[in-house]
Amino acid sequence: MTTTIIDGLYYANKIINEIKTKVDKLKIKPKLVVILVGNDNASQIYVNNKQKRCLEVGIMSEVLHFDENINQTELLDIIKQLNEDTEVNAILVQMPLPKHINPDKIVEAISPVKDVDGFHPYNVGKLALNMTPYSIACTPSGILKLLNAYNIKINGKHVVIIGRSNIVGRPLMSLLLNNNATVTVCHSKTENLKEITNTADILISAVGKSNFINSAFVKHNVCIIDVGINRDKNNKITGDVDFNDIFDKCSFITPVPKGVGPMTIAMLLQNTLNLYDIQNKK
Ligand code: GUN
């Protein structure tokens with residue numbers, strides 16, 4: 001049996017090139033506004049990457065960077081202004097936010113039609129009901145694109161997701177269910193985790209712990225999707241999966257980096273363009 005390494009960077013670049021071709025033809029360019037609060041190092045790196053990629057394809061991108069002491073009311077006022085600003089097509093509030101700000105209130109304040117993350121309850125609800133949301137969360141849609149790109153069968157298969165976050169686990173559950181998978185969502189309180197993961201045809205890990213998943217967690221021929229972006233003791237970026245240990249047991253595996261991560265950004269650009277199109281068709 002051979003193992004295929006899923007090349008997320010290749011597919012992300014392919015999608016990004018297609019977006020660039022479409023944006024080049026537009027007289028008025030789509031605009032994304034990113035709100036960043038505080039000085040979290042990882043968030044700053046993510047936001048810089050997002051902005052760099054936007055510029056590459058000709059999407060206008062503005063980062064509003066606030067001190068971590070900004071209060072919730074001020075932030076809500078800023079979102080209200082962005083909702084009303086017809087030049088702004090897409091709004092992203094980088095998570096996590098400081099503890100004194102309720103992320104649910106912030107997400108709810110974003111107009112669903114400008115919600116580039118697909119986090120608003122309107123869009124989450126539409127996805128859960130297998131209706132058509134304005135946007136779908138970027139990491140889950142990037143994962144679906146990769147599975148489809150490699151013709152990995154989802155229909156009827158048992159997909160085990162580890163992690164129930166609003167950013168990954170929950171929207172991914174809906175998206176895969178809508179694609180006829182049998183979905184099990186595990187989390188930090190799950191008992192007998194290893195027994196469950198051993199029944200997975202596709203195992204998706206969004207745990208946030210280096211080398212958490214090894215060959216004892218999976219059956220032969222499993223497809224592994226690693227959503228983790230962690231740093232090991234040498235400050236090297238690692239996923240959740242012990243890649244070398246598990247490699248021979250898998251049919252497919254995403255590496256970290258260059259697996260799921262680049263697809264998340266590609267989907268952010270795709271969502272920005274989709275929202276622009278929706279707003280301009282009205
Ligand atoms: N923090 C980590 N991932 C994400 C994401 O996809 N969107 C936002 N807004 N914040 C994040």
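Since this is a predicted model, take the numbers as computed values, not measurements. Position 1 is the first residue of the sequence, and the numbers go up from there. Side chains included, hydrogens not; waters and symmetry mates left out as well; all remaining heavy atoms used. Remember, it's 1-based here, ligands and their atoms both numbered in the order they're listed.
Under 3.5 Å, the side chains of Asp245 and Asn214 contain no donor-acceptor pair of N or O atoms.
On a distance-only criterion, Asp117 and ligand 1 share at least one N/O pair closer than 3.5 Å. Between Pro96 and ligand 1, no N or O atom pair is found at a separation short of 3.5 Å. Considering both main-chain and side-chain atoms, Tyr46 never comes within under 3.5 Å of ligand 1 through any nitrogen or oxygen pair.
Set against the non-hydrogen atoms of Leu92, the atoms of ligand 1 under 4.0 Å away are 9 (N). Listed by number with element, the atoms of ligand 1 under 4.0 Å from a non-hydrogen atom of Val93 are 8 (C), 9 (N).
For Glu74, there are no salt bridge (charged side-chain N to carboxylate O under 4.0 Å, His left out) partners at least two apart in sequence or on another chain.
Looking from atom 4 (C) of ligand 1 to the surrounding protein, the closest heavy atom is Ile167 CD1, 4.0 Å. In terms of protein heavy-atom proximity, atom 11 (C) of ligand 1 is nearest to Gln94 NE2, 3.5 Å. When only non-hydrogen protein atoms are considered, atom 10 (N) of ligand 1 lies nearest to Met95 N, 3.0 Å.
Salt-bridge check for Lys20 with Glu56: failed, with every basic side-chain N at 4.0 Å or more from each acidic carboxylate O. Salt-bridge annotation for Lys80 and Glu84: present, with a side-chain N of the basic residue lying under 4.0 Å from a carboxylate O of the acidic one.
Residues Ile6 and Pro255 approach most closely at O-CD, 3.0 Å, considering heavy atoms.
When heavy-atom distances to ligand 1 are checked against a 4.0 Å cut-off, Thr139 has no atom that comes that close, whether in backbone or side chain.
Using a 4.5 Å cut-off on side-chain heavy atoms (C-beta onward), Leu144 and Asn148 make contact.
Within the 4.0 Å heavy-atom shell around ligand 1 one finds Phe119.
For residues 199-211, the side chain to side chain donor-acceptor pair (under 3.5 Å) pairs, not counting sequence neighbours, are His158-Thr199, Asp201-Lys219, Ser205-Asp240, Ser210-Thr238.
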